[in-house]
**Student:** 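Shown below is the structure under consideration.
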Number of protein chains: 2
Amino acid sequence: MLQRPDPFNAQCPTRRVLDRIGDKWAVLILILLERETLRFNELRRRIDSISQKMLSQTLKSLERDGLISRRAFATVPVTVEYALTPLGRTLASTVQALTQWAEAHIGEVEEAQRRYDRGEVAA
Amino acid sequence: MLQRPDPFNAQCPTRRVLDRIGDKWAVLILILLERETLRFNELRRRIDSISQKMLSQTLKSLERDGLISRRAFATVPVTVEYALTPLGRTLASTVQALTQWAEAHIGEVEEAQRRYDRGEVAA
DNA sequence: GATGCAGGTTCCCAATGGATACCAGGAGAT
DNA sequence: ATCTCCTGGTATCCATTGGGAACCTGCATC
């Protein structure tokens, strides 16, 4: 791998990583797991409107990428815990910055949308 | 807006902002425009494999959100320049951190994927 | 008059997302 | 004994989305 990473090249692996971050469910899961280890249905309850399918699918991808770890316990009913790996932890803090941006600037974005929808040109 | 922003609630506007960031093309466009103002076809040439349709669609959404500005010049053929707004600039630097993460950790992610695909459990 | 370039839009098909139903297996209530 | 609920999923179906390719306007050049 001597080639410099270049997310603008479709073949570059960093592009695939960006695509993964570009998964809205993955972002939410990473943020929740940064605070604490959670079980499947706990995640489901906390993330409003996620379907079981998308949750299970997203968890599987995150595990494959080494960002979260999955541990099953033979309790009854079975318990499955998801936690961030050290690698996932480094990403989660970066991703946190995004949600903080969203919370801080949501007002400006909404105002821009209203202006745009009224036909006004951007400032 | 007295309600605290909560991206885990589907109704919360921050969730919509996250969805926008979760657009892989939007991320790439923001990064390119952080460096310099660019024209439509310049963007198209730089972002490998983006279609005209997705480029035009993504630019329109970003403009609507007040993140980029569009200026058309009556040259011949017509010239259209896209640039970051001040608001877009604040987001672009945050998003930069993501690509830097991707470039820095892509090796670890790929190794985790190979391990997972060989059937090994995550470390 | 054919060709080229800019900046798009339209149309069509394949992939993705989400809703719903279903599964296994045991616990607890009836 | 059986009904129902809990866990953590999978299977199926359909609507929405994404991408590819072709087309369009306007002017300028060959």
Side-chain angles (χ1 to χ4, degrees), chain A residues 7-11 15-16 18-29 32-33 36-65 68-83 116 121-122, chain B residues 7-11 15-16 18-29 32-33 36-65 68-83 116 121-122:
Chain A
F8 302 105
N9 179 331
Q11 263 62 53
R15 176 81 155 252
R16 288 199 303 272
L18 274 186
D19 290 357
R20 163 133 327 291
I21 298 166
D23 176 346
K24 63 175 172 180
W25 301 126
V27 169
L28 294 174
I29 291 173
L32 281 177
L33 292 183
E36 55 188 322
T37 293
L38 289 172
R39 295 163 47 186
F40 188 86
N41 278 327
E42 283 176 340
L43 281 165
R44 188 148 85 96
R45 278 187 292 268
R46 298 210 192 192
I47 303 178
D48 190 45
S49 84
I50 193 172
S51 65
Q52 279 186 317
K53 180 181 131 186
M54 289 314 295
L55 179 55
S56 130
Q57 210 171 90
T58 308
L59 287 170
K60 222 176 280 181
S61 312
L62 289 172
E63 193 195 353
R64 176 166 184 267
D65 290 347
I68 66 174
S69 65
R70 175 187 189 279
R71 297 206 309 158
F73 300 90
T75 54
V76 62
V78 61
T79 300
V80 181
E81 275 188 4
Y82 292 94
Y116 185 95
V121 194
Chain B
F8 302 106
N9 178 332
Q11 264 62 53
R15 177 81 154 254
R16 288 200 302 272
L18 275 187
D19 291 355
R20 164 132 329 287
I21 296 165
D23 177 345
K24 65 176 171 179
W25 300 126
V27 169
L28 294 174
I29 291 172
L32 282 177
L33 291 183
E36 55 188 323
T37 293
L38 288 173
R39 294 163 48 185
F40 188 88
N41 278 326
E42 283 176 341
L43 281 165
R44 188 150 84 97
R45 277 188 293 268
R46 297 210 193 190
I47 303 177
D48 191 44
S49 84
I50 194 174
S51 65
Q52 280 186 314
K53 179 182 131 186
M54 290 313 296
L55 180 55
S56 131
Q57 208 171 91
T58 309
L59 287 171
K60 223 177 282 183
S61 312
L62 289 173
E63 192 195 353
R64 176 167 185 267
D65 290 347
I68 66 174
S69 64
R70 176 187 188 279
R71 295 208 309 157
F73 300 91
T75 55
V76 62
V78 61
T79 300
V80 181
E81 276 188 2
Y82 292 94
Y116 185 95
V121 194

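Only this structure's heavy atoms are used, side chains among them; waters, hydrogens and symmetry mates stay out. Naming convention: chains lettered A, B, ... in sequence-line order (proteins, then strands); numbering from 1 in each chain.
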**Student:** Is the phosphate of dT9(C), meaning OP1 or OP2, less than 4.0 Å from a side-chain N or O of K60(B)?
**Tutor:** yes

**Student:** Pick one: which of I50(A), L32(A), T58(A) meets side-chain contact (heavy atoms from CB on, under 4.5 Å) with L43(A)?
**Tutor:** L32(A)

**Student:** Could you give the CG-to-C1' distance, from L59(B) to dT9(C), as a whole number of Å?
**Tutor:** 14 Å

**Student:** Using atom CG of L28(A) as one end and atom P of dG18(C) as the other, report the distance to the nearest whole Å.
**Tutor:** 11 Å

**Student:** Expressed as a whole number of angstroms, how long is the span from E81(A):CD to dG9(D):C1'?
**Tutor:** 17 Å

**Student:** Indicate whether OP1 or OP2 belonging to dA6(C) is found under 4.0 Å from a side-chain N or O atom of T75(B).
**Tutor:** no

**Student:** Going 5' to 3' through nucleotides 19-30 of chain C, assign each nucleotide B (protein heavy atom under 4.0 Å from a base atom), S (under 4.0 Å only from sugar-phosphate atoms) or - (no protein heavy atom that close).
**Tutor:** B-B----SS---

**Student:** Check whether any side-chain heavy atom of Q57(B) sits under 4.5 Å from a side-chain heavy atom of K60(B), and report yes or no.
**Tutor:** no

**Student:** Where the side chain of N41(B) is concerned, which of dG8(C), dG18(C), dG7(C) is the nearest nucleotide?
**Tutor:** dG7(C)

**Student:** Reckon R70(A) has a side-chain N or O less than 4.0 Å from the OP1 or OP2 of dG9(D)?
**Tutor:** yes

**Student:** In whole Å, what is the span from the CD1 atom of I47(B) to the C1' atom of dG7(C)?
**Tutor:** 15 Å

**Student:** Find the distance Q57(B):CD to dC11(C):P and express it as a whole number of Å.
**Tutor:** 15 Å

**Student:** Identify the two heavy atoms, one from L62(A) and one from A26(A), that lie closest to each other, and give their separation to 0.1 Å.
**Tutor:** CD2-CB, 4.1 Å

**Student:** Testing the basics here: between W25(A) and D23(A), what is the closest heavy-atom pair and its distance to 0.1 Å?
**Tutor:** N-OD1, 2.9 Å

**Student:** Does OP1 or OP2 of dG7(C) have a side-chain N or O of R39(B) closer than 4.0 Å?
**Tutor:** yes

**Student:** Taking the side chain from R15(B) and the backbone from P7(B), do they hold a donor-acceptor pair closer than 3.5 Å?
**Tutor:** yes

**Student:** Separation of M54(A) atom CE from dG8(D) atom P, in whole Å?
**Tutor:** 19 Å

**Student:** May I have the distance from K24(B) (atom NZ) to dT17(D) (atom P), rounded to whole angstrom?
**Tutor:** 16 Å

**Student:** Let me see the working for L55(B) and L59(B) under side-chain contact (heavy atoms from CB on, under 4.5 Å), right down to the final yes or no.
**Tutor:** CA-CA 6 Å; L55(B) 180 55; L59(B) 287 171; 3.8 Å; yes

**Student:** Would you mind classifying the nucleic acid contact of F73(B) as base, sugar-phosphate or nothing, using non-hydrogen atoms under 4.0 angstrom?
**Tutor:** nothing

**Student:** Round to a whole Å and report the spacing from CZ of F40(A) to C1' of dT10(D).
**Tutor:** 10 Å

**Student:** Among all residues two or more places apart in sequence or in another chain, which pass the side chain to side chain donor-acceptor pair (under 3.5 Å) test with Y116(A)?
**Tutor:** none

**Student:** Does dG19(D) have OP1 or OP2 sitting under 4.0 Å from an N or O in the side chain of W25(B)?
**Tutor:** yes

